[in-house]
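Quick note: numbers below take in every heavy atom, side chains included, and nothing from hydrogens, waters or symmetry partners. The first residue of the sequence shown is numbered 1, and numbering continues consecutively from there. Note that the structure is predicted; figures quoted are calculated from it, not measured.
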Amino acid sequence: MTASPPATHTHHLAQLNVATLRHPIDDPRIAPFVEMLDPVNAAADSAPGFVWRLVEDGAADATGLRPAGEDVIVNLSVWETREALWDFAYRSGHLESMRRRREWFERHVQAHLVLWWVPAGHLPTVAEALERLADLRTHGPSQRAFTFTSSHTADEAPDAAPVHQAVSAAVLPDGFRRGDEFAGARRSIS
């Protein structure tokens, strides 16, 4: 019996997660988190359904990028399916870092994770991701910006739909304007 060719997806799931550090990234209290970065990122890179993740130029991760604030780290990635991202986040070694997140990150008062469908081959920019998060915070879950608990299918994806014009600059990080691309961000497909 031969394996059937992998399914071709017309859309992939993009995700942005932001986290506010309790202490600077080089503080010894954050060291256990930093020590987990390489193994967790390596696991993501080799996980079934992984497509891409944001990495700072010259670095192995994106923790040096601060497009959402000096004490806020971002994780931006693309996955073939919702299930692939869910399996990595909640059914792999990544779960240990999530269990310990209160040691390293402030409790969120607003949405900190946003998901949205992108056409296969599209790599979202940091600005696009922050706009989706702002959209979710302003308008709640929709086909444009949702969470695992308010998920939408790729068939519902509003390809090329403009970002809600009602998203105000107040929900974007200080100094970040709609349409900006974060300087220094490298985008590549593994």
Side-chain angles (χ1 to χ4, degrees), residues 9-22 25 44 51-56 61-86 88-90 94 97-98 101-102 104-187:
H9 300 280
T10 60
H11 288 80
H12 289 155
L13 186 68
Q15 75 81 31
L16 171 71
N17 183 18
V18 298
T20 304
L21 292 163
R22 288 184 174 273
I25 195 81
V51 176
W52 169 86
R53 69 182 167 88
L54 178 70
V55 175
E56 182 181 12
D61 57 52
T63 56
L65 303 176
R66 293 298 198 286
E70 191 52 40
D71 57 347
V72 179
I73 61 172
V74 299
N75 174 287
L76 174 59
S77 62
V78 176
W79 297 78
E80 288 180 354
T81 64
R82 177 194 179 281
E83 293 75 20
L85 174 58
W86 178 269
F88 171 72
Y90 297 103
H94 176 265
S97 64
M98 291 184 57
R101 69 186 176 270
R102 298 287 175 252
W104 311 306
F105 306 111
E106 298 291 340
R107 187 171 291 279
H108 300 285
V109 228
Q110 301 182 70
H112 63 93
L113 169 77
V114 64
L115 307 173
W116 72 101
W117 293 102
V118 296
H122 173 73
L123 300 179
T125 64
V126 174
E128 176 185 347
L130 289 171
E131 284 180 324
R132 296 291 178 144
L133 182 59
D135 186 275
L136 177 64
R137 288 175 174 176
T138 301
H139 302 286
S142 70
Q143 295 169 347
R144 293 195 82 265
F146 50 91
T147 66
F148 278 122
T149 58
S150 64
S151 192
H152 290 273
T153 67
D155 291 337
E156 298 171 304
D159 285 343
V163 173
H164 290 289
Q165 296 304 313
V167 174
S168 72
V171 294
L172 293 173
D174 291 340
F176 208 87
R177 298 179 316 272
R178 196 175 320 313
D180 281 353
E181 172 61 62
F182 186 73
R186 177 169 49 106
R187 296 182 303 148

If I take atom [atom1] from residue [X] and atom [atom2] from residue [Y], how far apart are they, to the nearest 0.5 angstrom?
| X | Y | atom1 | atom2 | answer |
| --- | --- | --- | --- | --- |
| I25 | D61 | CD1 | CG | 7.5 Å |
| T147 | H152 | OG1 | NE2 | 8.5 Å |
| N17 | L133 | CG | CG | 9.5 Å |
| F105 | D71 | CZ | CG | 11.0 Å |
| R22 | R107 | CZ | CZ | 8.5 Å |
| R144 | E131 | CZ | CD | 8.0 Å |

Which atom pair, heavy atoms only, marks the closest approach of [X] to [Y]?
| X | Y | answer |
| --- | --- | --- |
| A68 | L130 | CB-CD2, 4.1 Å |
| S142 | D135 | OG-OD1, 3.9 Å |
| I73 | T63 | CG2-O, 3.9 Å |
| H12 | E80 | CD2-CA, 3.6 Å |
| A62 | V74 | CB-O, 3.9 Å |
| G64 | E56 | CA-OE1, 3.2 Å |

[Y] side chain reached by [X] side chain, heavy atoms, under 4.5 Å:
| X | Y | answer |
| --- | --- | --- |
| L115 | L85 | yes |
| V51 | H9 | no |
| Q15 | L113 | yes |
| S77 | L54 | no |
| W86 | T81 | no |

Any sub-3.5 Å donor-acceptor pair from [X]'s side-chain atoms to [Y]'s backbone N or O?
| X | Y | answer |
| --- | --- | --- |
| W104 | A19 | no |
| T138 | A134 | yes |
| R137 | A111 | yes |

**Complete:** Sequence neighbours excluded, the answer for ring pair (Phe, Tyr, Trp, His ring centres under 6.0 Å) partners of W79 is F50, F88
**Asked** Can you say whether the rings of H112 and H108 are parallel (under 30°), tilted (30 to 60°) or perpendicular (over 60°)?
**Response** parallel
**Prompt:** Who passes side chain to side chain donor-acceptor pair (under 3.5 Å) against S151, sequence neighbours left out?
**Reply:**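 Side chain to side chain donor-acceptor pair (under 3.5 Å) list for S151, sorted by chain: R82.
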**Prompt:** Can you check side-chain contact (heavy atoms from CB on, under 4.5 Å) on V78 and R53, steps first, answer last?
**Reply:** CA-CA 6 Å; V78 176; R53 69 182 167 88; over 6 Å; no
